[in-house]
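Working notes for the structure below.
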Amino acid sequence: MQEILAELTRNEVFRVYVFWSGVLVLKMLFMSVFTGMTRFRTKTFANPEDLVSKKLKVKFGDEDVERIRRAHRNDLENILPFFTIGFFYIFTSPSVYFATQLYRAAAISRLLHTFVYAVVVVPQPARAIAFFVPLAVTGYMAVSTILYFL
């Protein structure tokens, strides 16, 4: 087992996958912090025990908070499948260059998606492009993996 793990960690595609997956994990963790910071800024708290003052009331529906929550939910719906299929894709023996470009495109697009959706709202098609690039990458890796193991 140690030999298999040692070989995997020497695999350049695996190393690129781990790097970009780590970036995306940090991005997703940031989304929780970003939501909390926005809740404090807008004084929008969903639970009574979170209220920072007796004068405040539980409040839902703040557009800024909800926009960040939607972006975070979109991450969960799209990055988690990317993690799974991105790992399996390693075993299809892709070229290092091509796999690197796929992982990089997906990760950077997800970062851009959050930026144009929740940080500085940019009109369409910015968000759509940032959404569909990683979706296409994940779809391509899924089809490639399925065909390889067929």
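Counting begins at 1 with the first residue of the sequence. Keep in mind that this is a model prediction, so the values were computed, not measured.
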So if you build clusters from Ile, Leu, Val, Met, Phe, Trp, Tyr with side-chain heavy-atom gaps below 4.5 Å, do [X] and [Y] land together?
X	Y	result
Phe83	Leu29	yes
Val13	Ile108	yes
Tyr140	Ile90	yes
Val116	Val137	no
Val23	Leu80	yes

Nearest 0.5 angstrom please: [X] [atom1] to [Y] [atom2], how far?
X	Y	atom1	atom2	result
Asp75	Leu24	CG	CG	8.0 Å
Leu102	Ser144	CG	OG	8.0 Å
His113	Leu135	NE2	CG	10.5 Å
Glu66	Thr35	CD	OG1	9.5 Å
Ile85	Thr145	CD1	OG1	4.0 Å
Met141	Phe87	CE	CZ	12.5 Å

Determine the minimum heavy-atom distance between [X] and [Y], stating which atoms define it.
X	Y	result
Leu8	Phe14	O-CD2, 3.2 Å
Val133	Ala105	CG1-O, 4.0 Å
Trp20	Arg104	CZ2-CG, 3.7 Å
Met31	Ala71	CE-CB, 3.7 Å
Ala130	Leu112	CB-C, 4.1 Å
Pro134	Arg110	CG-CD, 3.6 Å

Taking the side chain as C-beta and beyond, is there a heavy-atom pair between [X] and [Y] under 4.5 Å?
X	Y	answer
Lys43	Asp62	no
Asp64	Arg41	yes
Ser93	Tyr148	yes
Tyr103	Phe19	no
Arg69	Arg39	yes

* Does the side chain to side chain contact (heavy atoms under 4.5 Å, CB included) test come out yes or no for Lys27 and Ile79, once each step is laid out? -> CA-CA 10 Å; Lys27 178 248 178 296; Ile79 293 174; 4.1 Å; yes

* To do: Could you check whether the rings of Phe82 and Tyr17 sit parallel, tilted or perpendicular, using 30° and 60° as the cut-offs?
  => tilted

Return yes when atom [atom1] of [X] has more than 12 non-hydrogen atoms of other residues, nucleotides or ligands closer than 6.0 Å, and no otherwise.
X	atom1	value
Arg15	CZ	no
Lys59	NZ	yes
Gln124	CD	yes

* Under 3.5 Å: donor-acceptor pair, side chain of Asn47, backbone of Glu49 -> no

* Give a yes or no on whether the backbone of Tyr89 and the side-chain of Thr92 come within a donor-acceptor separation of less than 3.5 Å. => yes

* Walk me through it: do Glu7 and Arg10 pass the test salt bridge (Lys or Arg N to Asp or Glu O under 4.0 Å)? => CA-CA 5 Å; Glu7 184 173 332; Arg10 285 190 298 271; 5.1 Å; no

* Asked: Salt bridge between Arg70 and Glu63, side-chain N to carboxylate O under 4.0 Å?
  -> yes

